[in-house]
2 protein chains.
Amino acid sequence: MAKDGIDIIIDTESEENYYMQIRNQVIRQIAYGKLVPGQSLPSVRQLAESAGINMHTARKAYLLLKKEGYLRVDNRKGATVDVSFNESVDMDDLMNDVIMLCAKAGCKGVSLEKIHMMLDEAYKKQAGEGAD
Amino acid sequence: MAKDGIDIIIDTESEENYYMQIRNQVIRQIAYGKLVPGQSLPSVRQLAESAGINMHTARKAYLLLKKEGYLRVDNRKGATVDVSFNESVDMDDLMNDVIMLCAKAGCKGVSLEKIHMMLDEAYKKQAGEGAD
DNA sequence: CCTTTTGTTATATAATAAATATAACAAAAG
DNA sequence: CTTTTGTTATATTTATTATATAACAAAAGG
């Protein structure tokens, strides 16, 4: 395990943006308990170096995560995990995801039960990661 | 209702790409039964005009939907709804969506049960749209 | 106190992606 | 036979993404 920084791996072949890859990995690591509220994230320069990307790209990811309510980015203090909950914004976002997921599954003939099962499976793995 | 074309509305203020907005709306309309397998979609020129966008942007959406297995785009015949299912590709895609959904919910303190309920709600609306 | 690291801001540039604008042509439709 | 259509091609514009430097003041660490 990384002694200081978080484990962020950039797939240069992916069609997903670098800053989006970072964003998604951070969200997953918070959910998995690998990043806990209050914990400081590496400096943008550190993350940039360890991930092999530019400082501003790392910064962009942090600022997006702040906008979406996963990090606090204080003046002169850097980024720390601090999840906030905005009822209307966050529930709308989640519902949007659910609607698209449901639509995709519907089109592809994947049953509602199967999606429920996949959700349980994902949740189980998530909860299981807390204990290292 | 539109006598011929499908109802595609482009939100020029959205941060979502035009062709992604089209893609998502088409997927939802297939899931909702407003577009049925075999049905022809409007020509790229028609869609472009009714949606107030360029022909190539409409075309890009159709080609993406083809790549993702929602449309058939035959030579000289245009686009028709034809959903295909590729086990590994599609299930991976769905699982990826589920994992991110689950992670977001986990971070935001939204319970697994709540997500299950939202899923049921989305599915119910989807199934309910079939009967006009 | 001094050096280093840090967050931040600014600017510049390159590369890629998104969207539009025309044009042309052959096939299909009417 | 005219129109519409899918398709291909080219070109341009704008926006986004990613990188490259530089500078500065605050914070940290010695």
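Sequence lines set the chain letters: A, B, ... in the order given, protein chains first and strands last, and positions in each chain run from 1.
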**Q** Which residue, A/Ile53 or B/Lys77, contacts DNA chain D at a nucleotide closer to its 5' end, judged by nearest heavy atom?
**A** B/Lys77

**Q** A/Gln29 and A/Ile6: which non-hydrogen atoms are nearest, and at how many Å?
**A** OE1-CB, 3.9 Å

**Q** With respect to the phosphate group of D/dT17, does any side-chain polar atom (N or O) of A/Thr57 fall under 4.0 Å of OP1 or OP2?
**A** no

**Q** Could you give the CD-to-C1' distance, from A/Glu15 to D/dT17, as a whole number of Å?
**A** 15 Å

**Q** With sequence neighbours excluded, give me every side chain to side chain donor-acceptor pair (under 3.5 Å) pair touching residues 59-71 of chain B.
**A** B/Arg23-B/Glu68

**Q** If I take atom CG in residue B/Asp74 and atom P in nucleotide C/dA27, what distance separates them, rounded to the nearest angstrom?
**A** 17 Å

**Q** Quick one: B/Asn54 CG to D/dT12 P, roughly how many Å, whole number?
**A** 16 Å

**Q** Whole angstrom is fine here: how far is it from CE in A/Met55 over to P in C/dT9?
**A** 11 Å

**Q** For C/dA21, give its Watson-Crick or G-U wobble partner with both distances under 3.5 Å, or none.
**A** D/dT10

**Q** OP1 or OP2 of C/dT5 versus the side-chain N and O atoms of A/Gln46: is any pair under 4.0 Å?
**A** no

**Q** What is the distance, rounded to the nearest whole Å, between atom CG of B/Asn17 and atom P of D/dT14?
**A** 18 Å

**Q** Classify the side chain of A/Arg59 versus the base of C/dT6 as yes if they form a donor-acceptor pair under 3.5 Å and no if they do not.
**A** no

**Q** Tell me if the side-chain of B/His56 makes a donor-acceptor pair with the base of D/dT10, cut-off 3.5 Å, by modelled atom types.
**A** no

**Q** My understanding is that a pair needs two contacts under 3.5 Å, Watson-Crick or G-U wobble. By that rule, which nucleotide pairs with C/dA29?
**A** D/dT2

**Q** Would a 4.5 Å heavy-atom cut-off, applied to side chains only, mark A/Ile115 and A/Val110 as touching?
**A** yes

**Q** D/dT17 phosphate, OP1 or OP2: any side-chain N/O from A/Tyr19 under 4.0 angstrom?
**A** yes

**Q** Say whether, by atom type as modelled, one donor and one acceptor occur between the side chain of B/Asp90 and the main chain of B/Asn86 under 3.5 angstrom.
**A** yes

**Q** D/dG6 P sits how many Å from B/Glu49 CD, rounded?
**A** 14 Å

**Q** Taking all atoms of both residues into account, what is the closest heavy-atom pair of B/Ala61 and B/Ile22, and its distance?
**A** CB-CG2, 3.5 Å

**Q** Round to the nearest Å and state the distance from B/Leu63 atom CG to C/dA18 atom P.
**A** 13 Å

**Q** Hey, which of these two, B/Arg45 or B/Lys60, hits DNA chain C nearer its 5' end, going by closest nucleotide?
**A** B/Lys60

